[in-house]
Amino acid sequence: MRETRRATLILEDGTTFEGKSFGYEASTSGEVVFNTAMTGYPESLTDPSYEGQILVTTYPILGNYGVPPRREKDDVSEFYESDHIHAKAIIAQDYSWEHSHWQADRSLSQWLCEEKIPGIYGIDTRALTKHLREKGSMLGKIIIEGCEDVDFYNPNLENLVGKTSCKEVEIHGDGEKTVVLVDCGTKHNIIRCLTRRGVKVVRVPWDYDFTQIPYDGLFISNGPGNPDMAEATVANIRKAFEIGKPICGICMGNQLLAKAAGAKTYKLKYGHRSHNQPVRRVGTETCYVTSQNHGYAVDSSTLDKDWEPLFINMNDGTNEGIRHKSKPYFSAQFHPEASSGPKDTEFLFDEFIALL
Amino acid sequence: MSDKTIKKVLLLGSGALKIGEAGEFDYSGSQALKAMKEEGIETILINPNIATVQTSDGFADHIYFLPVTPFFVEKVIEKERPDGILLAFGGQTALNCGVALYESGVLEKYNVRVLGTPVRAIMDTEDRELFVRKLDEIGVKTIKSEAVSNVDDALRAARELGYPVIVRAAYALGGLGSGFCDNEEELVALTEKALSFSPQVLVEKSLKGWKEVEYEVVRDRFDNCITVCNMENFDPLGIHTGESIVVAPSQTLSNEDYHYLRKLAIKIIRHVGIVGECNVQYAFDPQSMDYRVIEVNARLSRSSALASKATGYPLAFVAAKLGLGYGLFDLKNSVTKETSAFFEPALDYIVVKIPRWDLGKFHGVRKEIGSSMKSVGEVMAIGRTFEEAIQKGLRMIGQGMHGFVGNRELKINDIDHALSEPTDKRIFVIAKAMKSGYTVDKIHELTKIDKWFLYKLQHLIDTEAELEAFDEIEKVPAPLLRTAKEQGFSDFQIARAVLDNFGGSAEMANKRVRQYRKSLGIVPVVKQIDTLAAEYPAQTNYLYLTYNGSENDVHYLHDHRSIVVLGSGAYRIGSSVEFDWCSVNALMTVKKEGWRSVMINYNPETVSTDYDMCDRLYFDELTFERVMDILDLEQPHGAILSVGGQIPNNLATRLDDEGVNILGTTARSIDNAEDRHKFSAMLDNLGIDQPRWRELTSFDDIREFIDEVGFPVLVRPSYVLSGAAMNVCSNDDELERFLRLAANVSKQHPVVVTEFIQNAKEIEMDAVAANGEIKAYAISEHIEFAGVHSGDATIQFPPQKLYVETMRRIKKISAQIAKALNITGPFNIQYLAKNNDIKVIECNLRASRSFPFVSKVLKINFIDLATKAMLGLNIEKPEKNAFDLDYVGIKASQFSFSRLQGADPVLGVDMSSTGEVGCIGVDTSEAIMKSMLSVGYRVPKKGILLSTGSARQKTDMLDAAHQLHNKGYVLYATGGTHQFLADNGIPAIRVYWPSQPEMQPQALQMLHDKEIDLVVNIPKNLSTTELSNGYKIRRAAIDLNIPLLTNARLASAFIRAFTTLSLNDIEIKPWDEY
């Protein structure tokens, strides 16, 4: 039997779960959220939208295919969604100490240790998930046996967009058309999806006044936390409305676009984090299976009269995207860039590029 | 959104269970019928499989027990005039039949619309050449193959592709006639065989060692697509997916891999134009993202049934609705009842499917598993670690194994060879290799099984070794014990690892483990399968148990208002869909009578494991340990053990010892019937006759007993080294050979020898009793004389040729036995009758295989009555009895010898059929015609080969030979038969045995030349010499797909039927009109 240190998850309501450590051995805290995806832990861990969160994977077996190498291709990570792990910790039922995949160059455990991220297993993740479903996402901390206690930490009180955004303007790819990508904590696959379509991407920090530079289209990325923290971005988007060039947003981008259009956002009880969220394109018989990762949503009823919902969630009816009734502005709450998850909606990038 | 012009729909079933086409189609057909019913659509079902749930009251409006062939289906269409037809729910049988009806213009003629996937799309996926071309159009890679229609072209194609190649027959079920060839010689043999099943044979490059991955894809007519589940084969490509251990979801694919293949699957289904469900199988390179599409099944399949059970997503139900024109967005997730059916299930557990083989039942069959399917059933195990799930599964297959470790040691001479040339024992060979010090790398090299699986298996070996370091159960530290349970170790495995020889008693040792772990709080928890990994609450109770968890999903009321029904486990030879029918009917009665119905079963091919058939479904083991775990949680009013075949029956005594309330006949009575000595003593006391038998421990004793009863005798060793478990011995020589080579006689291993009565009738009594009094009964007779296993025999009900005296005596004896054992519930007694001399062969205090057959023919539901009796309700004796019936039911057996390369297709005392049908006719001949055609026989058009066994059998067959001759058939006969026919004035052409190669014409050659389209080959007796004589002829008949009869009485009955009755004379009448 493998000797591992005991690790305890303590939720803010006092509920505790006993597990064992397989990652970095230090205590940590954050907001506990669950994701029902069955694959994609390297992508999720490096997804900036998980900044400050403790990720619970409901699929019980974790680490099967190890971790692909840290490699860059065209100035972005080849296999990851950013250059480091953003989640505070990861929790599973069972950890695969041995992995097997031709692309892997180390185990998940090794990677977590390198990046000083705790990982725990041996926890009834189904019971934990049901608890979060009933009570809503909540704060939690992981105490590793022999390590010091830590305080609870609420990431939503922080400007996580600012924290995860790039600090300087970066140029990716090349092409006749220029797309400004407002980095609210962007996943690298958004950059890949744009550059692959032959445009030049000017990636700017979240609060950068991009209206000063010439562009053919504006793209607002995904990002972590509470959209209310990114007022600077909202203000810039409003300015972009004046310019009138095509605008597209994803996830946080959807929320910020909606806010710029005057709508309100609210926190969902436990969010949508999975690869199987059904959405329907409003007014059509066309549906998509989407990859999602968000804790906040747009309140469709607060949308300005010039705007309308573009997609809705078929399970709970929440907003999954909006569009302007006459101008080339639209956005999706889900992740058309996937990574991880199904790629069924990647065509939205084509729709955006076609508008330029 | 649905098409309201569809008012009446015809559904084609899959017929008898056979290898490659089994219970999964009862499940999918039943779901489709439920979906139609919900829409208020009138349903017509054609399926001769009378033991299925779908052919029961309340599923279809009109049921035809007729062969699923174009001829009969057209007749039904002509009569019923349905608006639509469903082809995707009855396996390859239904699909092939539908394609034929489409091509011949019948569907158009009667204006019948194919619902769901259009026939054009079906043909694009079924015809390899069209399929490859179709996928080429969208740049999707397929396994390059060449379609050929003769051996020369096959050789040329193989030379171009390079060996090894794989040969497949087009339009064939589950890889029938397929195989790998390393050289020209093998290619010629296989191609010839495959060409006999199909006009087209495919030669393709082998990709042995690649991963095999499947996706189940659904599409609606609005082009919305989802993949409900993906599955990964534990065994790499080269082993048919039906022969492979399969996990869901895939375990070794990265996110990129998973979605790459998923996207391709959707691209394919869109391009092909499926409406409903289909399955895409891939070969996937373990070292890159290279892939090939192996095949697309444009219908519900074994995999889709598995995927439905694995995820809780009712694929067949949804596919049927989509066929009516609904969009996925119109339908609700049937588990949450709240969220959309347009979604992809998220699993929070792992599922392992393991095939069940019964190769030990056959003489001469090859044990190697490969590209064609030989398994007869499967199990599905659910856990929250791979280790837990696979160990559960290995116990579930029910072949005496306790998991991956802790089994009786296998004898293997060459482990390397056994690893690289897999047999049905492959997984246990891996255990053996690991224990012998083979590394994961080495095993991977030999098997190409992904190392991830092997690492996990290695954990089990390691844990066992850790347990072995202790010598007392109570010394095992709690963390180790918990780890072992989390890895799926049973109490038995733990006891075996810790104690030497269980410290004397296995049962006591098990109890010690159980007590000890309970004292440490190490107990399993119950989890729900909810399709969304707990994201939304589930409204159904589809459950499993796991040690990887700390909280139950179910809130138990402990109100003692539930009744637990134990199911029948994996389908196997001797136990299949009939017990599913019994289980489902028991559940329905339990529910109807106001109790909470609870099911335990683990067979994904069944209707009883459909979560809407009961209030709580535990998809879990039927071991004593697990059943007790569930009963501890449920605290039911009682448990029903008598509707699930032998597995639940065997638990009776031990459950009774634990104080479980067994409903119906007591455990003590069950033991009195099961224990040969006790039962025999009881019969002696009652003055009831039985064949003489004795349990003996030495050769001398055996000889002495045979001196008394005479040859032949039936010999049943308690310890079998190889081959069949029992044998008929006709002389000293055979007795000696059987006991010295195949078995073992000693004080430890006694042998039961029973006198074998020749030319006796065998009679079945199926009945229901309450408090020792028979309430309903059905007596049926075998067409064959005793000596053919009752599961293989052709059974007639009501009997047409029994003396009234015999019937009366059987009734009387049955009543005596029912009283003596104080039976409450279902039971079955088998009798021998010769000249009104009645002997009891055996008695089972449970439902038997023939319960659905007699219930449906008599139209009295015996299980409903039996369940009421077991619930203590008063039941009235039904008014009707068999004498009132003005029709006859015939139950005929389906054999799958064509799948079992090398097996001798002869019937004996051990059962070898894989399924059955039951058809109703106005007389024996009509019923026999329908049922024989339903199990694949064809009315011959040209020549018939006769070699008709002993003098007595030749005489028995004389009338039939006259009938054939008068009907104008050309008869061919081997030496003795030829002489006999000549002596009786019947002209025949003499042909020669393979043992006389210099003589012409050769019987085998005639078969190859297709001059003969029926073979009647009757061995004189079941001795080895006699069997080997005709083996080549019988095997050739099977391999060349020529109907074969090996029993004189059945052959006579069938010949009489087709010589006196033409196909057009057969009445097309649904069950409700009889």
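These numbers come from the heavy atoms of this one structure, side chains and all, not from hydrogens, waters or symmetry mates. Naming: A, B, ... by sequence-line order, numbering from 1 per chain.
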So B:D285 and A:W102, do their side chains get closer than 4.5 Å, heavy atoms only?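 A side-chain contact under 4.5 Å is absent here.
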Heavy-atom side-chain contact between A:H99 and B:W452 under 4.5 Å: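 The answer is no, as the side chains (C-beta and beyond) never meet within the 4.5 Å cut-off.
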Minimum-distance pair of heavy atoms, taken over all atoms of [X] and [Y]:
X	Y	answer
A:T58	B:D348	O-CB, 3.2 Å
A:Y270	B:E535	OH-O, 2.8 Å
A:R280	B:F329	NH1-CD1, 3.5 Å
A:I61	B:K456	CG2-NZ, 4.4 Å

Relative to chain A, which of [options] shows the most heavy atom pairs under 4.5 Å?
options	result
B:I350, B:D220, B:I226	B:I350
B:L532, B:T546, B:T339	B:T339
B:S340, B:A484, B:G383, B:P345	B:S340

Tell me, for A:E98 versus chain B, whether the close heavy atoms (under 4.5 Å) come from the side chain, the backbone, both or neither.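 Both parts, backbone and side chain.
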Go through the atoms of A:M38 and report whether side chain, backbone, both or neither lie under 4.5 Å from a heavy atom of chain B.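 For A:M38, the contact with chain B is made by the side chain alone.
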Any ion pair linking B:D553 and A:K130 (charged N to carboxylate O, less than 4.0 Å)?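 Counted as a salt bridge, because a side-chain N and a carboxylate O are separated by less than 4.0 Å.
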Salt bridge or not for A:R126 and B:D530, using N-O below 4.0 Å?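 Salt bridge between A:R126 and B:D530, a charged N being under 4.0 Å from a carboxylate O: yes.
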In Å, rounded to the nearest 0.5 Å, how long is the span from NE2 of B:H259 to NZ of A:K343?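 Output value for this atom pair is 8.0 Å.
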Distance alone, cut at 3.5 Å: any donor-acceptor contact between the side chains of A:R2 and B:T483?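 A:R2 vs B:T483: no donor-acceptor pair found between side chains.
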Test item: side-chain donor near acceptor, B:E551 and A:H131, under 3.5 Å: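 The answer is no; no qualifying pair exists.
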Shorter than 4.5 Å, heavy atoms on both sides: which option in A:D316, A:T57, A:T36, A:L132 has the most such pairs with chain B?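 Most pairs with chain B among the choices: A:T36.
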For B:Y536, does the six-membered ring have the charged nitrogen or CZ of A:R133 within the cation-pi criterion, i.e. under 6.0 angstrom from the centroid and within 45° of the normal?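 Because its charged atom misses either the 6.0 Å distance or the 45° angle limit, A:R133 does not stack over B:Y536.
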